[in-house]
Structure formats: structure tokens, C-alpha cells
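First, the structure itself, so that you have it in front of you.
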Amino acid sequence: MNAQQLWAAYREKSGVAHDIYTAWAFGGDPDELAELVLTGKKSATCSLKYIYDLTGEPIPALGEYSVILNSRQEAVCIIRTEKVAVVPFCEVDAAHAFREGEGDKSLAFWRRAHEAFFSQELQRAGLAFGPDMKVVCEEFRVVWPPDAAVRKEVPV
């Protein structure tokens, strides 16, 4: 199923009257991260603010919808942005790291994995990573499919 088909199914059942959404895949391992969203283990993500500045793309906004794609560009689910904050990388807290749902969900794991990922992204632009770089932290909830798991874990 593609993004348009999944969105049409959501619109029909939810009563949403618009077609305003973005479709994208997570960086790193899109399939694994989409699966974490579907199973309720991932309810947050983050990206470098620099990338938004470079591309001119607006940062996510409260209430926005996104169709999450896998590595084959197939639609997996629809999320709705619940919270957005722009903070220095070094100020991301353990609760956000837990909500990202990756690895052991610890802040230490989150920092190692994201520093490596962001360093790789920045290297392509000829830049170096720094702990004071701004990141866009986004929290979301799955709105479609309706049978997607609800996260039962509580952040530490």
C-alpha cells in the first residue's frame, strides 16, 4: 500500500477532511524503526535542525500528520505530532531517549547512536558534529491503523 492509499483509508474512517500530510521514512534502519512505532515502543524521534535549515523544509509542527514509510516506500502507519522542541543535543533527556524506543532505551545508548548517525550525516556536508548542535525532538502517536499497539511502558 502506498501513502495515498493509507491516507485515503484513514480519511474514510476518521472523518479527517483534508489531505495535508507528509510521507517519509526514518533514517538509519527505516524498517526496524517503523516496526518499533507499530509495536508501540517508539513514540518519538529527532533530527538535526541544521538539515531543516539547509533544505528550507519546515520543522514538524503540533498536530501534523505523517505517513511512515518502510525501506521499500510502502506505507506502514500514520502518526500525528503531539510535541516538538528544539534543544541542544546535549540537553536531550532520558525520557525522550526512552520514547525513541531504540536499543536499551537509555540516554547513553541514545547519545552514542545519534552522535554516530548525525556525524555521518554532517560529514556528507563537510561538517563536524558538536554536542551543542540543535536537534528537533518530536513526540507523536499512531492514529492509523487502529490496531497498532499502545505503548504500555513508562519512561524512567
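For the numbers below, each heavy atom of this structure counts, side chains included, while hydrogens, waters and symmetry mates do not.
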Q. Among all residues two or more places apart in sequence or in another chain, which pass the side-chain hydrogen bond (donor to acceptor under 3.5 Å, both in side chains) test with Ser106?
A. Asp104
Q. Going by the salt bridge (Lys or Arg N to Asp or Glu O under 4.0 Å) test, which pairs reach into residues 63-80, not counting sequence neighbours?
A. Asp31-Arg72, Arg72-Glu74, Arg80-Glu82
Q: Output every pair passing salt bridge (Lys or Arg N to Asp or Glu O under 4.0 Å) with a member in residues 106-130, not counting sequence neighbours, ordered by first then second residue.
A: none
Q | Pairs involving residues 89-98, ordered by first then second residue, that meet side-chain hydrogen bond (donor to acceptor under 3.5 Å, both in side chains) (sequence neighbours left out) | A | His96-Glu100
Q: Run the numbers on His114 and Glu102 for side-chain contact (heavy atoms from CB on, under 4.5 Å), then give the verdict.
A: CA-CA 10 Å; His114 283 78; Glu102 299 170 42; 4.1 Å; yes
Q. Can you list the residues that meet the side chain to side chain contact (heavy atoms under 4.5 Å, CB included) rule with Glu57, with sequence neighbours excluded?
A. Tyr52, Thr55
Q.
Evaluate Phe140 against Lys42 for side-chain contact (heavy atoms from CB on, under 4.5 Å), listing each step before the verdict.
A. CA-CA 9 Å; Phe140 55 81; Lys42 182 173 184 65; 4.2 Å; yes
Q: Identify, with sequence neighbours excluded, every residue that meets salt bridge (charged side-chain N to carboxylate O under 4.0 Å, His left out) alongside Asp53.
A: Lys49
Q: Not counting sequence neighbours, list each pair that qualifies as a salt bridge (Lys or Arg N to Asp or Glu O under 4.0 Å) and has a residue in residues 9-27.
A: Arg11-Asp19
Q.
Test side-chain contact (heavy atoms from CB on, under 4.5 Å) on Ile79 and Val37; report intermediate values, then the result.
A. CA-CA 9 Å; Ile79 62 171; Val37 172; 4.1 Å; yes
Q. Considering residues at least two apart in sequence or located in another chain, which fulfil the ring pair (Phe, Tyr, Trp, His ring centres under 6.0 Å) criterion with Tyr10?
A. Trp7, Tyr65, Trp144
Q. Which residues pass the side chain to side chain contact (heavy atoms under 4.5 Å, CB included) test with Leu62, sequence neighbours left out?
A. none
(Q) Within this structure, what is the CZ-OG distance for the pair Arg141 and Ser43, rounded to the nearest 0.5 Å? (A) 12.0 Å
Q) Is there a side-chain contact between Pro88 and Pro131 (heavy atoms, below 4.5 Å)? A) no
**Q.** Result of checking Thr22, Asn2, Ile78 against Val67 for side chain to side chain contact (heavy atoms under 4.5 Å, CB included)
**A.** Ile78
Q) Under 4.5 Å between side-chain heavy atoms, hopping through other hydrophobics if needed: is there a path connecting Leu69 to Leu6? A) yes
Q | With Thr81 via side-chain hydrogen bond (donor to acceptor under 3.5 Å, both in side chains) - residues at least two apart | A | Glu138
Q. Do Tyr21 and Ile59 share a hydrophobic cluster (ILVMFWY, side-chain heavy atoms under 4.5 Å, transitive)?
A. no
Q. Apart from Leu48 itself, which Ile, Leu, Val, Met, Phe, Trp or Tyr residues share its cluster (side-chain heavy atoms under 4.5 Å, direct or through members)?
A. Tyr50, Ile51, Leu54, Val87, Phe89, Val92, Leu107, Trp110, Phe117, Phe118, Leu122, Leu127, Phe129, Met133, Val135
Q | Single-linkage hydrophobic cluster, 4.5 Å side-chain cutoff, Phe109 and Phe26 together | A | no
Q: Please list, chain by chain and in numerical order, all residues satisfying salt bridge (charged side-chain N to carboxylate O under 4.0 Å, His left out) with Asp132, sequence neighbours excluded.
A: none
Q. Can you name the nearest heavy-atom pair linking Asn70 to Pro30, along with the distance?
A. C-CB, 4.1 Å
Q: Would you please test Lys134 and Val136 for side-chain contact (heavy atoms from CB on, under 4.5 Å) and show each step?
A: CA-CA 7 Å; Lys134 301 278 189 197; Val136 178; over 6 Å; no
